[in-house]
Amino acid sequence: MREIDLAVIGGGYAGMACAAAAAARGVRTVVLDRKPAPGSKPHTTGILVKEVADAWDVPRYLTRKIAGVRLYAPGGASFDLYSPGYYFLATDTPGVLRWLAQRAKVRGAAVRFGEHIEGFKRQHDRWLIRPTDLVTRWVVGADGARSMVARQAGLGVNRRFLVGVEAAFENVRGVDGDHLHVFVDSQLAPGYIAWVVPGVSETQVGLACKANRAPQLNRFLQQLSKRFDFTHAVEVSRRRGLIPVGGLVRRTSREGVMLIGDAAGMVSPLTAGGIHTALGYGRVAGVALADHLLDGGPDPAAVLRRSVKPFGFKQAMRWAIDRQPPNALVDAMLKLGPVRALAQAVFYHHRGLMSRAAWRDLAAGCFGHSPNHNTCP
Ligand SMILES: Cc1cc2nc3c(=O)[nH]c(=O)nc-3n(C[C@H](O)[C@H](O)[C@H](O)COP(=O)(O)OP(=O)(O)OC[C@H]3O[C@@H](n4cnc5c(N)ncnc54)[C@H](O)[C@@H]3O)c2cc1C
């Protein structure tokens, strides 16, 4: 048996951020993931918000800056949203995941792929990780939306999901590379949106909808062929996955075990973005674990709980979106200044209506002095 301090189950965004922070401080850390290698079979579009770009030095060659959002109403009209100085990063997702794994290794974590963890068992004051040779003081469940760690430890589990599907193409023409193209259509993508992302080397086309519906990617592709040129397009990969949108799970820790990232429901119920929170809270967890394990600091799960911001407004918006307003109403609403201002707040203010900047944009949208270059053809 090999004795360690921390076993991180899941080598995605949350797991690698946590492991790197803990290992850098001297915690004996092992990351275990069932995939054959870091970055293989990604299930995410991988868009990073600017806040991630500011906090994490993701190498430039793995990213592509996109400043604008072009929002398409169901009837086909579109308008553009910008926020001065703000941008999103499309990413080479496998490349970013490999970079995160390498970063964790450099900081001292052992990273073991091809290890499907079946469970863990209490042995005195340690956990025995099955089927491995590891005995650990703490287990972190960073194992995604359907967390095995959560179920085994009797913690809270995600109950509300969107299902997302995406295809990546080479040689799509006519896609304006300065915008994320976002399609609102309650028939095509009930409960969420469809998208076209001019990525680093490919064009990513996807949609997500409520988990009780089958995502109609082929129907969306047919619609898109009238707008963009797919004549020479070659599909190079497909991704699919569940997005938990029910907010934080009820119980995220017990003695010697804690959940982070999707496993804990740390995903915006409104935008369904989870990479920013997976990285940020993963790092907080890693630092808190190091303080606790090395210096007898406070319970790391309590430290993490205190730092997690509730999704209050976003959860209320999720409720409204789940009601699926008919397309005719969506068309009418997207012509209104205040609704466009709300869209601006959703895309560009990740603290939502809790931020002063969001209120400034909302007021501008309502009273006609929008700082953005909204256009409606
Ligand atoms: C189609 C789609 C598009 C998305 N697009 C975006 C986006 O553009 N921007 C954004 O911010 N968010 C997006 N999200 C959400 C985002 O991908 C997740 O919130 C994020 O990946 C969460 O990271 P994580 O590390 O918590 O979990 P994951 O990325 O799911 O990583 C979990 C890891 O655990 C491993 N694992 C699971 N079970 C076991 C086990 N038993 N043993 C060993 N290993 C195990 C898995 O192999 C996996 O590597 C999208 C999600 C989907 C489905």
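Reckoned from all heavy atoms, side chains included, excluding hydrogens, waters and symmetry mates. When a ligand or atom number is given, it counts from 1 through the structure's own listing order. Computed from a predicted model, the values in this text were never measured in an experiment.
The closest non-hydrogen atom to atom 1 (C) of ligand 1, taken over R146, H43, E166, comes from H43. Nearest to atom 33 (C) of ligand 1 by heavy atom, out of I243, D33, I275, V197, is D33.
Of all atoms in ligand 1, listed by their number and element, those nearer than 4.0 Å to a heavy atom of K35 are 47 (O), 49 (O). Per-residue contacts place G10 under 4.0 angstrom from the following atoms of ligand 1 (heavy atoms of the residue considered): 33 (C), 34 (O), 35 (C). Of all the atoms in ligand 1, the ones that sit under 4.0 Å from a non-hydrogen atom of E115 are 42 (N), 43 (C). Within ligand 1, counting atoms from 1 as listed, the ones closer than 4.0 Å to a heavy atom of G241 are 53 (C). Interface atoms of ligand 1 facing G274, defined by a heavy-atom separation under 4.0 Å, are 10 (C), 11 (O), 12 (N), 15 (C), 19 (O). Set against the non-hydrogen atoms of G261, the atoms of ligand 1 under 4.0 Å away are 26 (O). Here is the list of ligand 1 atoms found below 4.0 Å of a heavy atom in D262: 18 (C), 19 (O), 20 (C), 22 (C), 26 (O). Of all atoms in ligand 1, numbered sequentially from 1 with element shown, those under 4.0 Å from a heavy atom of A272 are 12 (N), 13 (C), 14 (N), 15 (C).
Under a 4.0 angstrom heavy-atom cut-off, G46 registers as being in contact with ligand 1. The shortest separation from a heavy atom of E118 to ligand 1 is not under 4.0 Å, leaving the residue out of contact. Taking a 4.0 Å cut-off on heavy atoms, A142 registers as neighbouring ligand 1. By the 4.0 Å heavy-atom criterion, R239 is excluded from the residues contacting ligand 1.
For the residue pair I66 and A90, the shortest heavy atom distance occurs at CD1-CB, 3.9 Å. Residues A20 and R103 come closest through the heavy atom pair CB-NH1, 3.5 Å. The two residues R283 and A21 have their closest heavy-atom pair at O-CB, 3.8 Å. Listed here is the closest heavy atom pair of Y281 and K309: OH-N, 3.0 Å. Shortest non-hydrogen contact noted between M333 and V339 is O-CB, 3.2 Å.
For a threshold of 3.5 Å applied to N or O pairs, the pair formed by H276 and ligand 1 contains no separation below that value. No N or O atom of M148 sits closer than 3.5 Å to an N or O atom of ligand 1. Not a single N or O atom of I260, backbone or side chain, sits closer than 3.5 Å to an N or O atom of ligand 1. Checking only distances, G15 never comes within under 3.5 Å of ligand 1, N or O to N or O. Not a single N or O atom of V165, backbone or side chain, sits closer than 3.5 Å to an N or O atom of ligand 1. Ligand 1 has a nitrogen or oxygen under 3.5 angstrom from a nitrogen or oxygen of R34.
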field: Check against ring pair (Phe, Tyr, Trp, His ring centres under 6.0 Å), F183 and F220
entry: CA-CA 10 Å; F183 297 77; F220 181 43; 5.2 Å; yes
message: Assess the residue pair Y13 and H276 against the criterion (ring pair (Phe, Tyr, Trp, His ring centres under 6.0 Å)); give the C-alpha distance rounded to whole Å, side-chain angles, the decisive distance to 0.1 Å, and a yes or no.
response: CA-CA 9 Å; Y13 299 95; H276 180 202; over 10 Å; no
- request: Any chance you could lay out the ring pair (Phe, Tyr, Trp, His ring centres under 6.0 Å) test for F169 and F228, step after step, and finish with the verdict?
  value: CA-CA 12 Å; F169 293 89; F228 305 124; over 10 Å; no
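Remark: R146 qualifies as a cation-pi partner of F161 under the 6.0 Å distance and 45° angle criteria applied to the six-membered ring. Annotation: cation-pi pair R137/W127 absent, no NZ/CZ under 6.0 Å from the ring centroid and within 45° of its normal.
If you check the side chains of Q223 and Y72, you find no donor sitting under 3.5 Å from an acceptor. Between S253 and R305, the side chains place a donor N or O and an acceptor N or O closer than 3.5 Å (distance only, hydrogens not considered). Residues Q204 and T45 have side chains that never bring a donor and an acceptor to within less than 3.5 angstrom of each other. Defined by atom type and a distance below 3.5 Å, a donor-acceptor pair is present between the side-chain atoms of D185 and N327.
L221 is listed as a side-chain neighbour of V205, based on a closest heavy-atom distance under 4.5 Å. Residues F113 and P38 meet the side-chain proximity criterion, which asks for heavy atoms closer than 4.5 Å.
When hydrogens are left out, the protein atom nearest atom 27 (O) of ligand 1 is G144 CA, 3.9 Å; that is the closest non-hydrogen contact. In terms of protein heavy atoms, atom 6 (C) of ligand 1 is closest to T44 OG1, 3.2 Å. For atom 7 (C) of ligand 1, the nearest non-hydrogen atom of the protein is I47 N, 3.6 Å. For atom 31 (O) of ligand 1, the nearest protein heavy atom (residue, atom name, distance) is G12 CA, 3.8 Å. Nearest to atom 41 (N) of ligand 1 among the protein's heavy atoms is I117 O, 3.0 Å. Here the heavy atom of the protein found nearest to atom 37 (C) of ligand 1 is D143 O, 3.3 Å.
Residue contacts with ligand 1, taken as heavy atom pairs separated by less than 4.0 Å, do not involve S147 at all. If you look at A145 next to ligand 1, there are no close heavy atoms at all, none under 4.0 Å.
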